[in-house]
2 protein chains.
Amino acid sequence: MEEIHLILARNLKAIREKEKLSLEKVSQLSGVSKTMIGQIERGESSPTLTTIWKIANGLKISFTTLINNPQPDTKVILRDEVQVLPEDNGKYRVYPYFPFQDDCRFEMYTVEIDKDGKLKADAHREGTEEFITVFEGELTICVNDSEYCLKKGDAIRFKADRPHTYFNSGETLTKLSMTIYYPS
Amino acid sequence: MEEIHLILARNLKAIREKEKLSLEKVSQLSGVSKTMIGQIERGESSPTLTTIWKIANGLKISFTTLINNPQPDTKVILRDEVQVLPEDNGKYRVYPYFPFQDDCRFEMYTVEIDKDGKLKADAHREGTEEFITVFEGELTICVNDSEYCLKKGDAIRFKADRPHTYFNSGETLTKLSMTIYYPS
DNA sequence: AAATAATGTATGTTATAATGTACGAAACGA
DNA sequence: TCGTTTCGTACATTATAACATACATTATTT
């Protein structure tokens, strides 16, 4: 995920140049120093809420216009550029391929669990659901006092607004795809 | 206009309590210290863009949800609570009764101009229009190399995406209503 | 070409956002 | 009643946003 302040940087600069305004002029309109405007455009600063608000008002544009990221139609994510989030002393590894973005209502991970690795997850928000497909190994999921043992090729869908656990109950590495859906 | 960070404060606290989360829990979800979460909720801090982003992502909510202000159906603005913006050494005074809010596309001022007071305004964004009604005194507007002299009760509408000037050409105080419309 | 103005960047200082730790109050169980 | 836990706030410290000033570079004018 690209850093949010770089998106702002690009948007602000594009808008300013489209309107043919100088840093000085934007500074006058917004009441924010031109130094700060310049730093924001160069991605050197993550401005405070009040500063962003001043700029949006000065330019008579919406807050959203400044921080909206025009998503490309297609985006390839390479394994090497996804940074792993280790849990359970590294035996449970999450790869956030498609992290939450508020234009969609879900996020999608790949998870690897070493033998005996496990994770206890708290209840997510009311209405949240998970969709899991096992690609390698074996996975045991506990939810609602029930145990489900999934083998390679199996899948499960369950309401995740209650505590639940993942456990590699097999002898080999487990790989799975996990999608979490958040209702609006 | 209520300060933006107070809106965020109210929204964040409401969301957190609705989800029955502690400061600690929100801190874990977002990666922002619970001290900071607390300060934001109390309106003691205007957080940076990256901090707001972390919170929005941690709670799986949109940026907009955090900063949206549910407007009351009715709002009375009293003369005394509108703070004047002086120009031309105080001879030209702007009262921003309805400043820009990005859910509407216009803002509305009341303006008072003393005898001989004037203001040169730069071109606004392409497509911007102004709607002026004179309530007291006399007003001369120059735009597009033309002069228009308005008396009490007169009104004018003109495209404001070019330089223009306001001038009290009468002998008494001039009062007028000014609405500026910004195309989306 | 020299002078002037306009624009964006670099520098130093101040204000405050952000964090970690510690503390006090309320809720809970032994 | 006494720990024990959970929760929110207060305090001290560090990181950095925000500003004012000065500087370098390029247009524009004379």
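The basis for the numbers below is simple: all heavy atoms, side chains too, and nothing from hydrogens, waters or symmetry mates. Below, chain A is the first sequence line, B the second, and so on; all start at residue 1. Because the structure is predicted, anything quoted here is derived from the model rather than measured.
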A/Y182-A/E126 side chain donor-acceptor pair, cut-off 3.5 Å: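 There is no such pair between these side chains.
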Side-chain H-bond candidate by donor/acceptor type, B/H164 with B/E130, under 3.5 Å: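 Yes - a donor-acceptor pair under 3.5 Å links their side chains.
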Reading 5' to 3' through nucleotides 8-19 of chain C, protein heavy-atom contacts under 4.0 Å coded B for base, S for sugar-phosphate only, - for none: BBBB-----SBB
Flag, side chain of A/H5 to backbone of A/G43, donor-acceptor distance under 3.5 Å: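 A pair under 3.5 Å: yes.
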Single-linkage hydrophobic cluster A/F106~A/L176, side-chain heavy atoms < 4.5 angstrom: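 Shared cluster, no.
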Cationic N near anionic O, under 4.0 Å, A/E129 to A/K159: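 Between A/K159 and A/E129 there is no salt bridge, as every charged N stays at least 4.0 Å from the carboxylate O atoms.
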